[in-house]
Trainee: 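Attaching a single structure in structure tokens format; questions to follow.
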Amino acid sequence: MAAPDYRLDGFQPASGRVEDDFHWVTINDDTYAGLAAHHTADGRHSFLLFYDGSAIWDVPGTAEYLGVHIERDLNAHTFTFESIRRPTVPLAQHWLIHRGCPAGAIEPGGSVGPRPADALTARLEDQLRHHPEGRYTLLDHYTDNPGNFDEGIQVSSLLYDHHPDAADRPYRVFLEETVSSFATYTVREGAFPTAEAANAWMRTRDTPLPLTREPQAGLGRRAAAARARSTTPAPPGPSPTTPLGGAAPATAPSTIRTRGGRR
């Protein structure tokens, strides 16, 4: 696996804090598989999307995807950076896009990982990738990856939807399921009135996921327009009382993994 290309030759961390944080984020980067990268022509910014193959050995439920934004001061020859761990590729892409990365520049190659199984999956991913800043608050997530070829992978993401149309059932579970062959995956959106109801469904799975209506045909055009603008972030919705899957979300900046690194 090729080493990540941070393009930091000749640059120093802008502060001791930046140096420490960058060390902790990259300490295990030999397990990172690069899914996509964009470096601006002026050399000031790099946007990186990784899959961390070691997340399977981390705290159960650990998110597998990492977004990194590096900003360089070309005069001082220093750099700062931000990073985020996200449970799915579209959520990581959204974070990078709203930090200035062109949407089309951070798409994984077509030969990387499984492909969407249907049009609804593609539309829901587009919805998560390009929603206006402030629409969703990510409350919890859980990745169930057994790490073998006998079972698939399930990723549950609980979000609070601030859109007025979601007021009656604002807690949304986006369920991504990859088949055991790793050829395809589906994404479905469930809607719940409370976080407790969403978590109860995740624990028992004794009823079908209460699906939302299919995204409207015009979503793609609206999402494209949203790429060029952002809204004032709304206050976060209430936090859930019980984590998805029964395990607490990881907080340490350990390792990552992504769909592209499944094997």
Side-chain angles (χ1 to χ4, degrees), residues 51-52 54-66 84-92 94 114 116-118 120-121 124-125 127-128 131 135-163 165-182 184-215 235-252 254-259 262:
Y51 170 88
D52 177 14
S54 73
I56 195 170
W57 298 294
D58 209 315
V59 176
T62 295
E64 300 183 332
Y65 299 88
L66 182 71
I84 197 74
R85 183 185 294 274
R86 285 291 183 255
T88 65
V89 167
L91 290 174
H94 175 268
D118 51 32
L120 177 56
T121 293
L124 287 173
E125 288 199 306
Q127 178 176 315
L128 290 173
H131 68 268
R135 173 173 178 177
Y136 291 114
T137 299
L138 179 63
L139 299 177
D140 205 357
H141 56 83
Y142 193 88
T143 297
D144 182 11
N145 186 346
N148 58 57
F149 289 102
D150 299 323
E151 303 176 65
I153 298 173
Q154 291 189 352
V155 181
S156 306
S157 303
L158 175 60
L159 297 92
Y160 187 91
D161 189 349
H162 296 274
H163 195 283
D165 291 347
D168 58 336
R169 295 190 297 167
Y171 292 90
R172 302 301 171 99
V173 170
F174 286 85
L175 181 65
E176 177 185 295
E177 297 182 290
T178 302
V179 298
S180 57
S181 66
F182 298 100
T184 62
Y185 64 95
T186 58
V187 177
R188 295 295 183 263
E189 179 185 6
F192 299 86
T194 66
E196 289 78 10
N199 279 297
W201 184 89
M202 288 306 307
R203 288 194 303 272
T204 63
R205 303 287 183 96
D206 56 1
T207 60
L209 181 67
L211 299 176
T212 60
R213 292 177 298 176
E214 276 199 25
S239 298
T241 57
T242 306
L244 287 177
T251 56
S254 47
T255 49
I256 330 151
R257 51 186 175 144
T258 113
R259 184 185 302 130
R262 291 174 181 170

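Hydrogens, waters and symmetry mates are skipped; everything else that's a heavy atom, side chains included, is used.
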Trainee: So, taking the atom named CZ in Arg135 and the one named CG in Leu159, what distance separates them when rounded to the nearest 0.5 Å?
Mentor: 10.0 Å
Trainee: How close do Arg188 and Asp118 get, heavy atom to heavy atom, and via which atoms?
Mentor: NH2-OD2, 2.5 Å
Trainee: With heavy-atom distances below 4.5 Å as the criterion, would you say the side chains of Arg86 and Leu138 are in contact?
Mentor: yes
Trainee: I'd like to know if the side chain of Thr121 and the backbone of Val187 have a donor-acceptor N/O pair within less than 3.5 Å.
Mentor: yes
Trainee: If you take all heavy atoms of Thr88 and Ser157, which pair is closest and at what distance?
Mentor: CG2-OG, 4.1 Å
Trainee: Would you mind reporting whether Pro116 and Tyr185 have side-chain heavy atoms less than 4.5 Å apart?
Mentor: yes
Trainee: Who are the side-chain hydrogen bond (donor to acceptor under 3.5 Å, both in side chains) partners of Thr204, not counting sequence neighbours?
Mentor: Asp206
Trainee: Provide the closest heavy-atom pair for Leu128 versus His94 in the form atom of the first, atom of the second, distance.
Mentor: O-CB, 3.6 Å
Trainee: How about Tyr160 and Tyr171: are their ring centroids closer than 6.0 Å?
Mentor: yes
Trainee: Is there side-chain contact between Thr137 and Leu139, with heavy atoms separated by less than 4.5 Å?
Mentor: yes
Trainee: Does Leu175 reach the side chain of Trp201, with side-chain heavy atoms less than 4.5 Å apart?
Mentor: yes
Trainee: Looking only at heavy atoms, what is the nearest atom pair of Arg85 and Ala63, with distance?
Mentor: NH1-O, 2.8 Å
Trainee: Applying side-chain hydrogen bond (donor to acceptor under 3.5 Å, both in side chains), name anything that partners Gln154, two or more places apart in sequence or on another chain.
Mentor: Glu177, Arg205
Trainee: Once rounded to the nearest 0.5 Å, what's the spacing between atom CG of Asp144 and atom CE of Met202?
Mentor: 9.0 Å
Trainee: Compare all side-chain heavy atoms of Ile84 with those of Leu91 and state whether any distance is below 4.5 angstrom.
Mentor: no
Trainee: Taking only residues two or more places apart in sequence, or in another chain, which ones meet Arg172 in a side-chain hydrogen bond (donor to acceptor under 3.5 Å, both in side chains)?
Mentor: Glu189
Trainee: For Ala197, enumerate each residue passing the side chain to side chain contact (heavy atoms under 4.5 Å, CB included) test, keeping only those at least two apart in sequence or located in another chain.
Mentor: Phe192, Pro193, Thr194
Trainee: Closest approach of Pro146 and Ile56, non-hydrogen atoms and distance?
Mentor: C-CD1, 4.0 Å
Trainee: Please find the pair of heavy atoms, one from Gly61 and one from His141, that lie closest to each other, and give the distance.
Mentor: O-ND1, 4.0 Å
Trainee: Pick out which of Thr178, Thr62, Val155, Ile153 makes a side chain to side chain contact (heavy atoms under 4.5 Å, CB included) with Asn145.
Mentor: Ile153
